[in-house]
Novice: 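Would you mind keeping the following structure in view while I ask a few things?
Quantities reported herein were computed from a predicted structural model and do not represent experimental measurements.
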Amino acid sequence: MHSLQSADGFLSVGRKLLKLNLQIAFQLDDYLISHAGYTQDFDLEDWHFEKITENLIDNLDDLEDHVGKARGGKYFLGSPLWADFDHELSFLPNPKYQKQIVGHTPQTEITTVRKRQFELVGIDTFTVIPIKERPFFKETGSGEILLYDNGALIPIKLDW
């Protein structure tokens, strides 16, 4: 349902992801960094800062299943794994986390949205989209990356 149709493929990817020592969230000074961002539906929990291990896999179920309407899910807003930057996070960010850096929603370039006290930075600048003709995918986004240097966010253009 979410990209992989083969159970063997899904399990193989899962095993490889565990080796990467991923976590749900990371705090970098004032910035909360996560895959898709924290909307008003979700608060940080202590385990979000822990490395994901076999013991924490069951904790991911709620986050994985909580897909918002903007992504075709049944919930009003998505989780930190599924929140849509343009339609959910930008309109209803969690007021507890005023500065967030997120990926997940493709952007043509690094995008910063400032509303009231919030600063949201979308960094998913390299995405592959499936298409029906050869080569069966299309690249989108500038591919630039974000450098954090002494409190400053600096987009860096790359020559892909």
Side-chain angles (χ1 to χ4, degrees), residues 1-5 10 13-14 16-18 20-130 138-149 151-156:
M1 158 173 150
H2 304 292
S3 303
L4 289 173
Q5 301 301 318
F10 187 80
V13 169
K16 288 180 188 255
L17 287 172
L18 282 174
L20 293 176
N21 293 322
L22 301 173
Q23 56 195 67
I24 300 301
F26 181 79
Q27 190 73 44
L28 178 64
D29 294 334
D30 292 342
Y31 289 93
L32 178 62
I33 302 170
S34 65
H35 176 70
Y38 284 79
T39 63
Q40 292 180 11
D41 271 5
F42 277 87
D43 284 327
L44 273 169
E45 296 183 35
D46 289 341
W47 70 270
H48 291 185
F49 291 114
E50 296 176 26
K51 304 282 189 238
I52 296 171
T53 63
E54 293 281 351
N55 296 338
L56 288 178
I57 292 291
D58 289 341
N59 291 359
L60 294 175
D61 287 346
D62 188 39
L63 298 179
E64 290 175 339
D65 294 340
H66 205 103
V67 180
K69 298 269 186 207
R71 294 277 171 166
K74 63 182 177 180
Y75 295 93
F76 184 66
L77 298 173
S79 74
L81 299 180
W82 282 106
D84 185 88
F85 184 85
D86 300 317
H87 298 101
E88 296 172 356
L89 188 61
S90 294
F91 290 103
L92 293 168
N94 191 312
K96 295 178 185 173
Y97 319 115
Q98 296 181 358
K99 291 184 173 185
Q100 295 189 56
I101 298 172
V102 303
H104 184 64
T105 304
Q107 305 291 319
T108 54
E109 60 187 10
I110 291 175
T111 303
T112 301
V113 172
R114 289 182 180 89
K115 283 187 173 177
R116 299 176 306 278
Q117 74 272 28
F118 295 104
E119 181 179 345
L120 305 168
V121 183
I123 61 170
D124 187 349
T125 61
F126 185 82
T127 300
V128 176
I129 298 171
K138 176 177 86 172
E139 297 169 354
T140 183
S142 66
E144 66 186 345
I145 60 173
L146 187 66
L147 173 68
Y148 180 80
D149 186 24
L153 299 176
I154 305 163
I156 298 178

Novice: List the atom of Asp30, the atom of Lys99, and the distance in Å for their closest heavy-atom pair.
Specialist: O-CB, 3.4 Å

Novice: Okay, side chain of Thr125, backbone of Glu109: is any donor-acceptor separation there less than 3.5 Å?
Specialist: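 The answer is no, because no donor-acceptor pair under 3.5 Å joins these two groups.
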
Novice: Can you find a heavy atom in the side chain of Ile110 that is under 4.5 Å from one in the side chain of Val121?
Specialist: yes

Novice: Is there a side-chain contact between Pro95 and Gln40 (heavy atoms, below 4.5 Å)?
Specialist: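 Sidechains of Gln40 and Pro95: in contact.
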
Novice: Only counting residues at least two apart or in another chain, list the ones meeting salt bridge (Lys or Arg N to Asp or Glu O under 4.0 Å) with Asp84.
Specialist: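 For Asp84 the salt bridge (Lys or Arg N to Asp or Glu O under 4.0 Å) partners, ignoring immediate neighbours, are Arg71.
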
Novice: Taking all atoms of both residues into account, what is the closest heavy-atom pair of Ala36 and Leu89, and its distance?
Specialist: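 Minimum heavy-atom separation between Ala36 and Leu89: O-CD2, 3.6 Å.
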
Novice: Run the numbers on Leu153 and Glu119 for side-chain contact (heavy atoms from CB on, under 4.5 Å), then give the verdict.
Specialist: CA-CA 12 Å; Leu153 299 176; Glu119 181 179 345; 3.8 Å; yes

Novice: When rounded to the nearest 0.5 angstrom, what distance separates CD1 in Ile123 from CD1 in Ile33?
Specialist: 7.0 Å

Novice: Take atom NE2 in His87; do more than 12 heavy atoms of anything else shown fall under 6.0 Å from it?
Specialist: no

Novice: Are there over 12 heavy-atom neighbours, none belonging to Phe49, within less than 6.0 Å of that residue's CZ?
Specialist: yes

Novice: How about Phe26 and Ile101: do any of their side-chain heavy atoms sit closer than 4.5 Å?
Specialist: no

Novice: Check whether any side-chain heavy atom of Leu32 sits under 4.5 Å from a side-chain heavy atom of Gln27, and report yes or no.
Specialist: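 Result yes, sub-4.5 Å side-chain heavy-atom pair found.
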
Novice: Do Ile24 and Leu81 touch side chain to side chain, with heavy atoms closer than 4.5 Å?
Specialist: yes

Novice: Kindly write out the residues that satisfy salt bridge (Lys or Arg N to Asp or Glu O under 4.0 Å) with Asp86, not counting sequence neighbours, or none if the list is empty.
Specialist: none

Novice: Can you confirm whether more than 12 heavy atoms, excluding those of Lys115, are under 6.0 Å from its NZ atom?
Specialist: yes

Novice: Nearest 0.5 Å, what's the OH-CD1 distance between Tyr148 and Ile154?
Specialist: 10.5 Å

Novice: Can you check whether Gly78's main-chain N or O pairs, donor with acceptor, with Glu88's side chain at less than 3.5 Å?
Specialist: yes

Novice: Distance-only, no hydrogens or angles: does the Ser90 side chain make a donor-acceptor pair with backbone N or O of Phe85 under 3.5 Å?
Specialist: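 Yes, because the side chain of Ser90 sits within donor-acceptor range (under 3.5 Å) of the backbone of Phe85.
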
Novice: Mind checking side-chain hydrogen bond (donor to acceptor under 3.5 Å, both in side chains) for Thr127 and listing every partner two or more places apart, or none if nothing turns up?
Specialist: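 Thr127 satisfies side-chain hydrogen bond (donor to acceptor under 3.5 Å, both in side chains) with Asp124 once adjacent residues are dropped.
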
Novice: Measure the spacing between CD of Gln100 and CG of Leu120 and express it to the nearest 0.5 Å.
Specialist: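 Nearest 0.5 Å value for the CD-CG distance: 6.0 Å.
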
Novice: Kindly assign one of parallel, tilted or perpendicular to the pair Tyr75 and His66, based on the angle between their ring planes and the thresholds 30° and 60°.
Specialist: parallel

Novice: When you measure from the side chain of Gln117 to the backbone N and O of Gln98, does any donor-acceptor pair fall under 3.5 Å?
Specialist: no

Novice: Checking Asp43 now: which residues fulfil side-chain contact (heavy atoms from CB on, under 4.5 Å) with it, not counting sequence neighbours?
Specialist: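 Asp43 satisfies side-chain contact (heavy atoms from CB on, under 4.5 Å) with Asn94, Lys96, Tyr97 only.
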
Novice: Below 4.5 Å, heavy atoms only, C-beta onward: do Ile57 and Leu18 meet side chain to side chain?
Specialist: yes

Novice: Find out whether Phe42 and Leu77 are in side-chain contact, i.e. whether some heavy atom of one side chain is under 4.5 Å from a heavy atom of the other.
Specialist: no

Novice: How long is the straight-line distance from CG of Leu22 back to OG1 of Thr53, given to the nearest 0.5 Å?
Specialist: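 With rounding to 0.5 Å, OG1 (Thr53) is 11.5 Å from CG (Leu22).
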
Novice: Could you report the tightest heavy-atom contact between Leu56 and Ile52, atom names first, then the distance?
Specialist: CD1-CA, 4.1 Å

Novice: Backbone N or O of Asp65 within a donor-acceptor pair of the Trp82 side chain at under 3.5 Å?
Specialist: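 No, the answer is negative, given that no donor and acceptor are paired below the 3.5 Å cut-off.
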
Novice: Suppose we screen for side-chain contact (heavy atoms from CB on, under 4.5 Å). Which residues come up paired with Arg116, at least two apart in sequence or across chains?
Specialist: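 With neighbours one apart ignored, the set is Phe118.
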
Novice: So, do His48 and Leu63 sit near enough that their side-chain heavy atoms are less than 4.5 Å apart?
Specialist: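 Yes, at least one pair of side-chain atoms sits under 4.5 Å.
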
Novice: Calculate, to the nearest 0.5 Å, the distance between atoms CD1 and CD1 belonging to Ile145 and Ile156 respectively.
Specialist: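 Spacing of CD1 (Ile145) from CD1 (Ile156) equals 5.0 Å.
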
Novice: My understanding is that only residues two or more places apart in sequence, or in another chain, count here; which of them pass side-chain hydrogen bond (donor to acceptor under 3.5 Å, both in side chains) with Lys69?
Specialist: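 Lys69 satisfies side-chain hydrogen bond (donor to acceptor under 3.5 Å, both in side chains) with no residue once adjacent residues are dropped.
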
Novice: Ignoring hydrogens, what is the shortest heavy-atom contact between Ala83 and His104? Give both atom names and the distance.
Specialist: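 Heavy atoms only, the tightest pair is O-CD2, 3.0 Å.
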
